[in-house]
Trainee: 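Input: one structure, supplied below.
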Amino acid sequence: MVLRKLLLLALLSSKSVLFSQTVVSNPSKSDFSPTLSFLASDWMQGRGTTQKGAFMASEYIASMMGLYQLAPYDTVSGYYQNFKIAEHTVKKVTLEIKKGAKETFSLSPETDFQVNPTAQSIQKEAQVVFAGYGLSLPKEKYDDYKNQNVKDKIVIVLRGFPGHQDSTTVSYQKFKKYYPDTDNLDEIKLQTVINKGAIALIFVDGKNDIKFKNKKGDSIFHSLENPTLSSIPVFKISKSAADILFTSNSISLESIEKKAAQKLTVASAPLKNTKINFSVDLQSKIFAVRNVIGMIPGKDSSKTIIVGAHYDHLGIKNDSIFNGADDNASGTSGMLALAKKWSESNLKPEYNILFAAWTAEEMGLLGSEYFVQNLNLQDQKILLCINMDMISRSAPEDKKYRFLSIGTEKETEYLKKIVSESNAKLQNPFTLDLWETNGHSGSDYASFTAKGIPVLTFFSGFHEDYHTPGDVASKVDLDKIQDVLFIINHSLLKFIEKSAKPNENKP
Ligand SMILES: [Zn+2]
C-alpha cells in the first residue's frame, strides 16, 4: 500500500507540473501575426477612436472573440461596452490679474500662460494664495499650507521642492528621498489643492522660464461624456506674469527659493489686494465609442483577472494613415492570441479571465477609465490587470532587441518574482527593466492602479516610428512578441496556481 501511495503522489506531482506548463499552450506567430497585420493594415485606417477605422477594428475583434467562444461581457450589448466621449475645442481662454480696484493686467495665452482645462466651460474670479511649493510633509514637519485657507481660492505654487535646484543643500537631501521622481510632483500638488477646495492651480517656475509650446492641435482634448473625477483648471504662467503678481506684494521668488533651500522656510501668504479672473470657453462634441470585452468564466466567479490592450490609435491625420502596428496592434493581437489559447485549452480557470480591447487610450486612457468607473468592485474583485502596450519593437540603443520593460506597483514583489521566473524559462531571456508604476500614467494600467488594482504592464521600448506613419506592420519583431506572450502566459498560470493554493502566501 505504501508503494501505491507513493506512486500516486508521484503521479499527482507530475500532473501539477504538467498543469503549469502545458495546460494552456503558448501563442505562436501564426496566432497573432495575421491579426496584427490586419489591424495595422490601411483597411483599418489607423483605428482613430472617433473615426470609421476604430469601428471596423472593434467589429473584427468582437468577431474573433465570438470565434473563440468567449462569453460576452454584457448580456445586452454582447462584446461591446458602449459609451460616449466628448471632444472639446478650446475657443478662448483668458487670465487677468486684478490689483485693487483700478489695475487690470490681461495676460496673453501665447506668451504669458498655458492652461490645462477641465471638461467644462468655466469663468471665475477669486482671491489668490501663494502656497510656496504646495507641499505638506508632516514627517519633516514641513507644511506650505499651515495657517492657509485656500477653499474657493486660486492657489499659486512654485514647481519642484525646497532646494530642488541645488543638490548640495540640506533641503534637497531631505526632499529628494520623498520625491525621487519629480515627474509626478505636479500631480501630487494638484490633488492636494483639489482636496483643500481650491478652484484653480497656477504653477510658476522661480528661476527658469516655462517653455510655452503652442503647437497646432493643442487646443483639442477629450474626456468621458460625464467625467466623475473632480478636477480644476491648471495654469502655468511665465516669469514676467509672475512678476506682476508678486512685486507689489514685495515677494521675491528668487529669495524665497534661496531661503527654502538653506533654511526650509515656509513663505506662504495670501496675495493682498490681488484677484485673478479666468475663463475657458469650450465647444464640445459627443462621440459614441466602444471597448470590446469577452470572458472565460472561472470556478470562482467573484474574482477576475484582466488581460487587456488598447486597440485604438491615431487614425488619419493630414491625409496620412497612422497604422499603429506596434502601438498597439501588437498588444491587441497578443491579447486575442492569449484568448484563443485559453479558450482552446478547455480549462475552466480558477477565476474569470477577462480579455479586453480598450478604446480611446490615445485620448487619455478613456476606455479603461470608463470600464473601471463602471465596475462594481464590491461584488467583483479584480486580482490582477495585465496590460500590453507596444510589445513588438526595440529602442535604438537595444542593439540585440532583448530589452523588455515590465511595470508593477510598489509592494507587489510577488509579481516581479513571477515575471522574472517566467522570463528565465525562455531560451534567450530578456534583460528586464522592472519599474514601478506609481505616479506614472503612460498607458491603461494607470486606470487600474488608481483603484488599487495590481498590474503587470508590458512595453518593449521607444523607437523612432512612435506616433508617426512609420509605425507599420513590416517593422515588427515577431520573435519578440512571441517571447513576451510566453512570459505573460506563463506568469498568468503561475499567478493562478499561487493564488488558488490556500496555504501559500496569497498575493
Ligand atoms: Zn499605445
Side-chain angles (χ1 to χ4, degrees), residues 32 35-41 44-51 53-54 57-58 60-61 85 183 217 221-223 289-293 306-317 320-338 355-372 385-395 398 403-407 433 435 437 440-450 455-473 475-477 480-481 484-485 488:
F32 56 80
T35 308
L36 190 157
S37 300
F38 185 51
L39 288 174
S41 69
M44 290 294 154
Q45 303 186 354
R47 311 181 305 283
T49 297
T50 58
Q51 300 173 352
S58 64
Y60 173 75
I61 295 164
I85 61 169
D183 280 357
F221 69 101
H222 299 85
S223 73
V289 300
R290 55 200 189 184
N291 292 324
V292 195
I293 310 170
I306 296 170
V307 179
H310 76 86
Y311 72 91
D312 66 300
H313 191 54
L314 304 174
I316 298 179
K317 289 200 294 189
S320 293
I321 299 177
F322 287 65
N323 300 86
D326 183 40
D327 187 6
N328 185 26
S330 67
T332 309
S333 64
M335 178 275 291
L336 283 174
L338 287 161
F355 295 94
W358 314 119
T359 192
E361 189 270 353
E362 304 286 9
M363 294 175 166
L365 323 181
L366 299 181
S368 54
E369 185 188 333
Y370 181 83
F371 173 82
V372 168
C385 174
I386 294 174
N387 180 54
M388 289 167 271
D389 195 351
M390 300 171 64
I391 56 165
S392 68
R393 297 282 299 269
S394 296
D398 176 12
F403 275 103
L404 179 65
S405 146
I406 307 177
D433 164 30
W435 59 284
T437 56
H440 294 267
S441 56
S443 178
D444 292 302
Y445 63 82
S447 300
F448 294 88
T449 55
V455 297
L456 274 173
T457 185
F458 293 79
F459 166 63
S460 60
F462 270 112
H463 48 85
E464 61 283 7
D465 296 315
Y466 171 71
H467 282 201
T468 75
D471 181 6
V472 291
K475 294 183 187 169
V476 305
D477 179 345
K480 195 163 192 176
I481 304 178
V484 173
L485 296 180
I488 293 175

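First listed ligand is number 1; within each ligand, the first listed atom is number 1. Start at 1 with the first residue, then count along the sequence.
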Trainee: What N, O or S atom of Asp389 is found closest to the Zn ion (ligand 1)?
Mentor: OD1
Trainee: Can you tell me if His310 has an N, O or S atom under 2.8 Å away from the Zn ion (ligand 1)?
Mentor: yes
Trainee: How are the rings of Tyr445 and Trp435 set relative to one another: parallel (under 30°), tilted (30 to 60°) or perpendicular (over 60°)?
Mentor: perpendicular
Trainee: Measure from the Zn ion (ligand 1) to each N, O or S atom of Asp327 and report whether any distance is below 2.8 Å.
Mentor: yes
Trainee: Where is the tightest heavy-atom contact between Val472 and Ala325, given as atom of each residue plus distance?
Mentor: C-CB, 3.2 Å
Trainee: Can you give me the closest heavy-atom contact between Leu365 and Ser447, atom names plus distance?
Mentor: O-OG, 3.7 Å
Trainee: Apply side chain to side chain contact (heavy atoms under 4.5 Å, CB included) to residues Glu464 and Arg393 and explain how you reach the verdict.
Mentor: CA-CA 10 Å; Glu464 61 283 7; Arg393 297 282 299 269; 4.0 Å; yes
Trainee: Check whether any N, O or S atom of Glu362, backbone or side chain, sits closer than 2.8 Å to the Zn ion (ligand 1).
Mentor: no
